[in-house]
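Counting starts at 1 for both ligands and their atoms, in listed order.
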Amino acid sequence: MEHQAGSGQDTIREPARDTPVFRDCDVLVVGGGPAGAAAAASAARLGADTILLERYGHLGGMATGGFCLWIDRMSDWTGRQVIGGFANDVLDRMPPEALLGPESQVWGSDDPQLVAYWKERTAAFNGVVTWSPTIDAEMLKIAHQDEVLARGASLVLHGWAVATVQEGNEVKGIVFESKSGRQAILAKVVIDTTGDGDIFALAGARWESDIVEDDIHHRMNVAFLWSGVDMDRYREFKESDPDGYREVMEQARKAGPTARPDPMPRNDQALFMGPRFAGYSSLSVEDLTAVEIKSRRVMMDMIAFYRGNVPGFADAYVSGTAPQMGTRHSRRLIGAATMTADDWKAGRVFDDEIGLSPPPTPRHPNVSVPYGTLVPQGIENLLAAGRLLSCDPVTHTFMREVPNCWQMGQAAGVAAAQSIATGVRVQGVDIAALQQELAKQDVPMHSTVGDAEPFVAAEPISAGAESTNWQGRWE
Ligand SMILES: Cc1cc2nc3c(=O)[nH]c(=O)nc-3n(C[C@H](O)[C@H](O)[C@H](O)COP(=O)(O)OP(=O)(O)OC[C@H]3O[C@@H](n4cnc5c(N)ncnc54)[C@H](O)[C@@H]3O)c2cc1C
């Protein structure tokens, strides 16, 4: 290998080489997070020969390996389920003791007792009980894996996609690195579900990435789990002594970066999806390293404080730090369509709707998600789904949540399989047939759920601390 020093970036020149083709398939899904698992399962269930490639050894992405274990809302403010399909398939596989969330009969309830109970368990907001369970990471890895394999997709784990195989603007597959060396997978359609848009960036698609340093969705962190805690004791302290609670949390804040615990299905575990750090990029290896180091140091300071000061935490110990870096946002596709706040605030329903999102606040109707938001411009045989979708920053705040990523992945998987079956490019798939299949797979849409009814919040809708001016909660 030749080293080329000189002006600008120091480089080495690698020799050209022949790369073995590992497999050929119909649909290749790159990235086994929520979007990728849903895409692979949904393409395979339509008979497409499907491979799911993932750089780590498990599925679920940020929702398992990133310890983002609170699955955000899948019901609207009246309690109707607006995200289903793959979400149901995977959550139905969870053992009951691995899931903390309300029964469907109480979704939408404004009963004060139920609301008070579920508010402390991240399943009631704005005075309404919501379908937003917290799950055990290991069981969700297994649920994703079982669902993907049961639908007939095959898995390639521990493989990191590093290049696209392309003829001009036509994507023909990818090259990946693994312990077996550098190999290629060829495919009729590739779906980028890497979260970071690695594949569409390599393919030359247009994308954007804006950093708003003080906004939550640009912050990174390693999430962690503590065991040996007593969350009932913690909640009892919070309820019975609100002034004492406020005081101790203020002391924690003064002591350094801190976060509050979230409940887990088990009383002896607590989840921390922060503290979050601004000013870092998940596309920089130096920043990724810095956030790993900083997160662990801060966690050790935090656990010392919690053990000494917070009821319920005297015997806390670190039982896990997330193996995947907590990244909320990096590249966003500039797709054939872009979801914007103006559209969903106005209640726009798209002709190419592929699913719904609960609106971020009760002030707004259910949000229509268009197919075009997954389709790159000017690049053939490629779709993109998940937190890398084409949208504005405000819309990203809720569209990047786990249920939305499941839903976008499902639509991309169905579209890819239909494109291959009909011989039509992904941009031109028959939208009515796509919607029909998604409905068959229990994906709620405006045509099945109806429009959101006007909703009057039982509690005042206050400004959210974290992001824009909505309440609820964004992680
Ligand atoms: C700290 C934090 C807390 C959060 N909390 C919540 C929450 O409470 N509730 C909620 O609903 N959402 C939450 N989110 C958001 C949510 O977890 C993510 O936005 C969501 O998981 C994104 O899903 P995805 O499939 O698009 O991407 P990811 O989950 O990021 O999955 C992408 C997958 O692709 C793989 N991959 C990446 N690059 C390559 C490559 N080149 N080759 C092969 N594989 C690759 C990755 O290993 C990963 O498994 C949180 C996010 C963070 C960071």
Check each atom of ligand 1 against the heavy atoms of N221 and keep those under 4.0 Å away; list them by number with element.
1 (C)

Under a heavy-atom criterion of less than 4.0 Å, does S132 contact ligand 1?
no

Ligand-residue contact atoms, ligand 1 with D72, heavy atoms, under 4.0 Å
9 (N), 10 (C), 11 (O)

Given the ring of F398, does R400 sit roughly above its face, with NZ or CZ under 6.0 Å from the centre of the six-membered ring and within 45° of the axis?
no

Find all atoms of ligand 1 within a distance of less than 4.0 Å from any non-hydrogen atom belonging to G386, and give their numbers and elements.
26 (O)

Worked verdict on E437 versus S42 for side-chain contact (heavy atoms from CB on, under 4.5 Å):
CA-CA 10 Å; E437 179 57 34; S42 309; over 6 Å; no

Contact atoms of ligand 1, heavy-atom distance to G159 under 4.0 Å
43 (C)

For ligand 1, which is the ligand I care about here, please tell me if A161 has any N or O atom under 3.5 Å from one of the ligand's N or O atoms.
yes

Looking at G33, which atoms of ligand 1 are within less than 4.0 Å of one of its heavy atoms?
25 (O), 31 (O), 33 (C), 49 (O)

For ligand 1, which atoms have a heavy atom of P403 less than 4.0 angstrom away?
11 (O)

Please indicate whether any nitrogen or oxygen in T327 is less than 3.5 Å from any nitrogen or oxygen in ligand 1.
no

Thinking salt bridges, do R93 and E147 make one under a 4.0 Å N-O criterion?
yes

K294 charged N/C atom sitting above F277 aromatic ring, 6.0 Å / 45°
yes

Sidechain N-carboxylate O distance under 4.0 Å for D196, R331:
no

Just let me know how C405 lines up against ligand 1, side chain, backbone, both or neither, with a heavy-atom cut-off below 4.0 Å.
side chain

Is I420 close to V189 at the side-chain level, that is, under 4.5 Å between some pair of heavy atoms?
yes

Are D136 and R266 ion-paired here, with the side-chain N under 4.0 Å from a carboxylate O?
no

Contact check: R328 vs ligand 1, nitrogen or oxygen atoms, below 3.5 angstrom:
no

Flag R400 as yes when one of its N or O atoms lies below 3.5 Å from any N or O atom of ligand 1, and as no otherwise.
yes

Proximal ligand 1 atoms for G326, defined as those under 4.0 Å from one of its heavy atoms
53 (C)

Examine the proximity of ligand 1 to R276 and report which part, side chain or backbone, both or neither, has a heavy atom under 4.0 Å away.
neither

So, Q81 versus S75: side-chain donor-acceptor pair below 3.5 Å or not?
no

Tell me if the aromatic rings of F272 and Y306 count as close, with their centers under 6.0 Å from one another.
yes

Report yes if the side chains of V115 and V128 come closer than 4.5 Å at any heavy-atom pair, otherwise no.
no

Atom 37 (C) of ligand 1: of L69, T194, V29, T64, the nearest heavy atom sits on T194

Check whether any N or O atom of P34, backbone or side chain, sits under 3.5 Å from an N or O atom of ligand 1, and answer yes or no.
yes

Candidates R55, M62, Q324, H58; heavy atom nearest atom 28 (P) of ligand 1 found on M62

Any donor-acceptor pair under 3.5 Å linking the side-chain atoms of H58 with those of Q324?
yes

Out of G57, G65, G60, C68, whose heavy atom sits nearest atom 3 (C) of ligand 1?
C68

Quick note on ligand 1: atoms under 4.0 Å from a heavy atom of A35 include exactly 25 (O)

Between V402 and ligand 1, which part of the residue brings a heavy atom under 4.0 Å of the ligand: side chain, backbone, both or neither?
both

Does ligand 1 have a heavy atom under 4.0 Å from the side chain of Y56, from its backbone, from both, or from neither?
side chain

Are D192 and V30 packed together at the side-chain level, in the sense that at least one heavy-atom pair is separated by less than 4.5 angstrom?
no

Would a distance-only check, ignoring hydrogens and angles, find a side-chain to backbone donor-acceptor pair under 3.5 Å from H364 to W344?
no

